[in-house]
Amino acid sequence: GKSGYDHYMLKEIHEQPTAIRKCLRERVNELEGSVGVEELSELECDGPVQFVACGTSYHAALYGARLLRERGIRAQCFLASEYDVGMVPVSSDTLVVGVTQSGETADTMSALRAANRSGATTLALTNVVGSSAARECDHVMYIRAGPEIGVAATKTFASQQVALAMLSSVLSEESSMEFVERLRDLPDQIQQVLDGSQARGVAEAYEDSDAYFFIGRGYNAPVALEGALKMKEITYKHAEGFAAGELKHGPLALVTEKTPVFAMLTGSDISKTLGNVKEVEARSAPVVAVTDSPDTVSRYVDHVLEVPSAGSRFTPILANIQLQLVSYWVANRMGRSIDKPRNLAKSVTVE
Ligand code: F6R
């Protein structure tokens, strides 16, 4: 059941600390500062990595690819429906990673089948034991989020991000005390976000807006995309996410006093993104900052949703949780069918 929550989505948002603890269990060693994933003990990879995924899982893949690149691994992301082994070079040293919560998404399955046919090594990063992706791929790593009933992916996105962080460590054979401690601290930090979130008040302040924009750079760019996708799915309102630097290359034309802009202001990119915030404020748009540095940013923005600092890689995971809550509360105020939004299915089995 929903354990007292009005919707599975809200329950699953609140399950994130537990989901992340399960994802990390027996995979991180705090004494050694090392990461080891049992399922991947046979995986060897010195070649490039290609991620294939759809929707929210694609946003997780964008985040994961950046983690890999930061560790010196060549990594690219493809929307599974656009993946074409005839166009992208795939060889026997290529690792193709399908990121798929359900393990049943038709677009992702056909990309993985094509990768297998062309001789790549394949890995499924999935939540569902024995799913089609788990069976199709040479290797499988489970995200261990537990069943997700709400159609909108929430806890599984956070679990994918954490699993990808561990994958980046496994593939690069690099870890550190700091990295492992930051992972270990995430569940408690997520709990802090859940306990102290002002997202409901922000949702009430902007529930009548017709459009919402989300901006972030670096590790926050996929979070901006994910924030907008969640808002669209469950409120049926127009929402767009952008890499913060792209705003001035076109979308700024849409920004008015009626379009709230959610800006991810965490880590080391704050000053550049603050520049973009000033651009939207010059168009009188209200700005909500999701930030670990409220002292630096609060005078530039209308609302602050605070998150603890988890370092430049992981604070965006916390920022996303604030965005999940904002979308949830806007949809809730509108009386939407939050767990089963119109036109959407939990697993999309057609191409
Ligand atoms: C969004 C959402 C979808 C899925 C997408 C891929 O909330 O749930 O965008 O992320 O359909 O699904 P999986 O991860 O099962 O392959």
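First listed ligand is number 1; within each ligand, the first listed atom is number 1. All heavy atoms count here, side chains included; hydrogens, waters and symmetry mates do not.
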(message) Between D292 and S309, is there a side-chain donor-acceptor contact under 3.5 Å, judged purely by atom types and distance?
(response) yes
(request) May I ask you to check whether E136 and T122 show a side-chain donor-acceptor distance below 3.5 Å? (result) no
(message) Give the atom numbers and elements of ligand 1 that come within less than 4.0 Å of a heavy atom of A153.
(response) 7 (O), 8 (O)
(message) Is any side-chain heavy atom of N116 closer than 4.5 Å to one of D138?
(response)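 When only atoms from C-beta onward are counted, N116 and D138 do touch, with a gap below 4.5 Å.
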(request) Please confirm whether A152 comes under 4.0 Å of ligand 1, counting heavy atoms of the residue only. (result) yes
(request) Determine, using heavy atoms of K230 and all atoms of ligand 1, whether some pair is separated by less than 4.0 Å. (result)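 K230: in contact with ligand 1 (<4.0 Å).
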Would you say [X] has any N or O atom under 3.5 Å from an N or O of ligand 1, going by distance alone?
X: V348; answer: no
X: S57; answer: yes
X: E233; answer: yes
X: Q101; answer: yes

(request) Grab the two heavy atoms, one from F242 and one from A224, that are nearest each other, plus how far apart they are. (result)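 Answer, listing the atom of F242 first, then A224: O-CB, 3.8 Å.
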(request) Classify the ring geometry between Y212 and F262 as parallel (under 30°), tilted (30 to 60°) or perpendicular (over 60°). (result) tilted
(message) Are V97 and Y58 linked, directly or through intermediate hydrophobic residues, by side-chain heavy-atom contacts shorter than 4.5 Å (ILVMFWY only)?
(response)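 No, Y58 and V97 fall in different hydrophobic clusters.
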Which residue and atom name correspond to the protein heavy atom nearest [atom], and how close is it?
atom: atom 16 (O) of ligand 1; value: T105 OG1, 2.5 Å
atom: atom 5 (C) of ligand 1; value: C54 O, 3.7 Å
atom: atom 1 (C) of ligand 1; value: T56 OG1, 3.0 Å

(message) With a heavy-atom distance limit of 4.0 Å, tell me whether V151 approaches ligand 1 through its side chain, its backbone, both, or neither.
(response) backbone
(request) Using a strict cut-off of less than 4.0 Å between a Lys/Arg side-chain nitrogen and an Asp/Glu carboxylate oxygen, indicate whether E178 and R182 qualify as a salt bridge. (result)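 Looking at R182 together with E178, the answer is yes, because their closest N to O distance falls below 4.0 Å.
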(request) Run through Y219, F179, Y63 and flag the one making a ring pair (Phe, Tyr, Trp, His ring centres under 6.0 Å) with F314. (result) F179
